[in-house]
Amino acid sequence: MATTLSLPNLLAHLERDEPARIAELMDWLRIPSVSTDPAFAGHCRRAAEWAADHLRASGLNAQVLPTGTKDKPGHPIVMATCGDATSPGPHVLFYGHYDVQPADPLELWHSPPFDPVRRAPAKGEDGGERIIARGAVDDKGQVMMFLAALRAAFEATAIPAGGARLTVMLEGEEESGSANLEPFVMARKAELSKCDVCLISDTGMLGRGKPAITYGVRGLAYTEVVLHAANQDLHSGLWGGRCPNPITELARVLAQLHDKNRKVTIPGFYNDVRPLSAKERAAWKALKFSSAAALKKIGLPPAADIGEKGFTAMEREWGRPTAEVNGIVGGYTGPGAKTVIPAKASAKVSFRLVADQSPEKVTKAFFKWCKDRTPPGCRWELIDHHGGPGVTVPIDSPHLASAGRAIKKATGKAPALIKSGGSIPVAGMLKKRLGIDTIFIGFGLDDDRVHSPNEKFELDCYRAGARAHAAFLCELAQS
Ligand code: BES
Ligand code: MN
Ligand code: MN
């Protein structure tokens, strides 16, 4: 017999079925859905099918839809729906991603990345029991919190999502730039515009046992710059000192990206940056974040607290733009020695952006800045990989209030209001294209090793998230 949604009942279902849900999550984690490498395309499809099956078993109408074009197919997107115009509450669009980052460097994993392990913390490790696998927290484990809440609601009431109206969209290219997402969203503009708000669980908490709502993420502009010199590799004895070495010249250019105060030197870079308000700076200060403690976890002393002068670590991560070199290659990198001046050298350079900066403008300004510094006789090849604007969501919305109540009921703690330095391209896209705001409720920790070897998700975090999503479904049913 179907009953109406009650939180204690949902929480009891979640607790009872947790072993089953965790076993399913482990199955999902075994699928190596690395989106950036075409060799894994079949696995990406399998991971999408897996999620669609899970949603179907919770009573939703789910489909695995193709993206891209015939010539250049993308990874599929899972779309699922339940409820209709008569359903109570706002129409929520849940977004998550089933793709993961590449697992390399493989030799640094203590257990295989796609063979998830559940274990207690080792000696010297903070926190509790955890699941270790690529994608454990980013983002399969966090999507699973929502899938578990949906399953509990269906089992408790025999009605999908307990009667709420939902659209679920699970992307397979978040980790590789979301190239096919915008055309997909635009092709479904009419349908997606009906959603009132987007909910994403792909961020973190303020700390262990400190749940949070993230009200802003940074944008990203990702580029690659290749500096070409001679039309061939050269003997460094014969040619060294006679012509440009593209590695040295590229390094000289990149070293000019920051001035002595660690400000980015590209003209106009800060023009559109929205200044931090005194109110925001005071609110962040009150969160009592210890940058020294955070640095310690990654093996650095307090002296390593460096960045743009005049701002705290938290302000630099949440509210200021940055320029970073993410990779640099050139010349001989194999074993032993080889005396060579290579024909070219290249670097991946990305920029994290804050509210009101445009990724296109920043990329254009950076490319001009490179050209203005072209080393004598050399030539640039400048590649614009991908980008997306940052987002800041209003903190006084009824949706955010209801997510806050849900987290309080689920964890006993009112969530902190935080921002994140990471990027989630869909949020800016939904705002720009459909006018939809996003609520980020995430349960990761800053020592989860997101994108790194030995990525983990702690079970206490998973539980808090599953309970919070269940409470959010109750909020929807009651509004
Ligand atoms: N989930 C992360 C972003 C994130 C992590 C936000 C932790 C807040 C806290 C997401 O999957 C991610 O890694 N995004 C990429 C963006 C991208 C375009 C490849 C990023 O931020 O580098
Ligand atoms: Mn993610
Ligand atoms: Mn990620």
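Both counts, for ligands and for their atoms, begin at 1 and track the order of listing.
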What is the OE2(Glu175)-the Mn ion (ligand 3)-NE2(His451) angle, to the nearest 10 degrees?
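Reported to 10°, the angle equals 110°.
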Donor-acceptor pair, [X] side chain versus [Y] backbone, under 3.5 Å?
X: Gln101; Y: Ser452; result: no
X: Trp109; Y: Ala103; result: yes
X: Ser358; Y: Lys361; result: yes
X: Thr167; Y: Thr81; result: no

Atom CG of Asp447 and atom CG of Asp126: how far apart are they, to the nearest 0.5 Å?
6.5 Å
Rounded to the nearest 0.5 Å, how far apart are CZ of Arg320 and OH of Tyr270?
6.0 Å
Do any of the N/O/S atoms of Asp139, backbone or side chain, fall under 2.8 Å from the Mn ion (ligand 3)?
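No - counting backbone and side chain alike, Asp139 has no N, O or S atom under 2.8 Å.
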N/O/S atom of His97 inside 2.8 Å of the Mn ion (ligand 3), strictly under:
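Checking the Mn ion (ligand 3) against His97, no N, O or S atom falls under 2.8 Å.
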Have a look at Gly442, Ser201, Ser423 and point out the one with the heavy atom closest to atom 15 (C) of ligand 1.
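Among Gly442, Ser201, Ser423, the closest heavy atom to atom 15 (C) of ligand 1 comes from Ser423.
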Of His451, His386, Gln101, which has the heavy atom at the shortest distance from atom 18 (C) of ligand 1?
His386
Taking 4.0 angstrom as the limit and counting only heavy atoms of [X], give me the atoms of ligand 1 inside it, by number and element.
X: His97; result: 11 (O)
X: Pro425; result: 18 (C)
X: Ser420; result: 6 (C), 8 (C), 9 (C)

Any N or O of Asp202 closer than 3.5 Å to N or O of ligand 1:
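Such a contact does occur with ligand 1.
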Glu175, any N or O under 3.5 Å of ligand 1 N or O
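Looking only at distances, the answer is yes, because the N/O contact criterion of under 3.5 Å is met.
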Is the closest side-chain donor-acceptor distance between [X] and [Y] under 3.5 Å?
X: Thr392; Y: Lys419; answer: yes
X: Arg352; Y: Ser423; answer: yes
X: Asp196; Y: His399; answer: no

Parallel, tilted or perpendicular, as decided by the 30° and 60° cut-offs, for the rings of Phe146 and His469
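Aromatic pair His469/Phe146 classed perpendicular.
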Would you mind telling me if ligand 1 is within reach of the side chain of [X], the backbone, both or neither, using heavy atoms under 4.0 Å?
X: Ser178; value: neither
X: Asp138; value: side chain
X: Gln142; value: neither

Please work out the angle at the Mn ion (ligand 2) defined by atom OD1 of Asp138 on one side and atom OD2 of Asp202 on the other, rounded to 10°.
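The two atoms subtend 150° at the Mn ion (ligand 2).
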Just to check, does Leu220 reach to within less than 4.0 Å of ligand 1 when the distance is taken from its heavy atoms?
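The answer is yes, since Leu220 has a heavy atom less than 4.0 Å from ligand 1.
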Is it true that Arg352 lies under 4.0 Å from ligand 1, counting heavy atoms only?
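Judged by the 4.0 Å heavy-atom criterion, Arg352 does count as contacting ligand 1.
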Atom 11 (O) of ligand 1: the protein heavy-atom neighbour that sits closest, reported with distance to 0.1 Å
Glu174 OE1, 2.7 Å
